[in-house]
Amino acid sequence: MVKTMLVCVLIIAISVALLSIKIIIKKNGRFPNTHISGSKAMRDRGIGCVQSQDYAAQFDNPHAISERKK
């Protein structure tokens with residue numbers, strides 16, 4: 001049981017090290033921005049992030065017309 005756990009931990013450690021080689025070796029290395037707002041082509045098409053749309057929808061629109069009848 002202990003031997004299996006050590007093998008698993010070793011495999012995970014090697015995987016993490018291999019995935020982060022570019023970040024470790026490159027000066028000022030960073031993970032690539034894979035967010036929709038980080039893509040110029042998506043911004044040009046007007047495609048936005050759901051989180052940004054949700055954030056904007058939480059505020060009242062000053063130009064909205066009230067649909068309630070008084």
Ignoring hydrogens and angles, write down the donor-acceptor pairs under 3.5 Å from the side chains of residues 10-21, residues two or more places apart or on other chains.
from: S15; atom 1: OG; to: I11; atom 2: O; distance (Å): 2.8
from: S20; atom 1: OG; to: V16; atom 2: O; distance (Å): 2.9
from: S20; atom 1: OG; to: A17; atom 2: O; distance (Å): 3.3

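Between I47 and I36, the shortest heavy-atom contact is O-CG2, 3.9 Å.
Through direct or relayed side-chain contacts under 4.5 Å between Ile, Leu, Val, Met, Phe, Trp and Tyr, M1 connects to no other residue.
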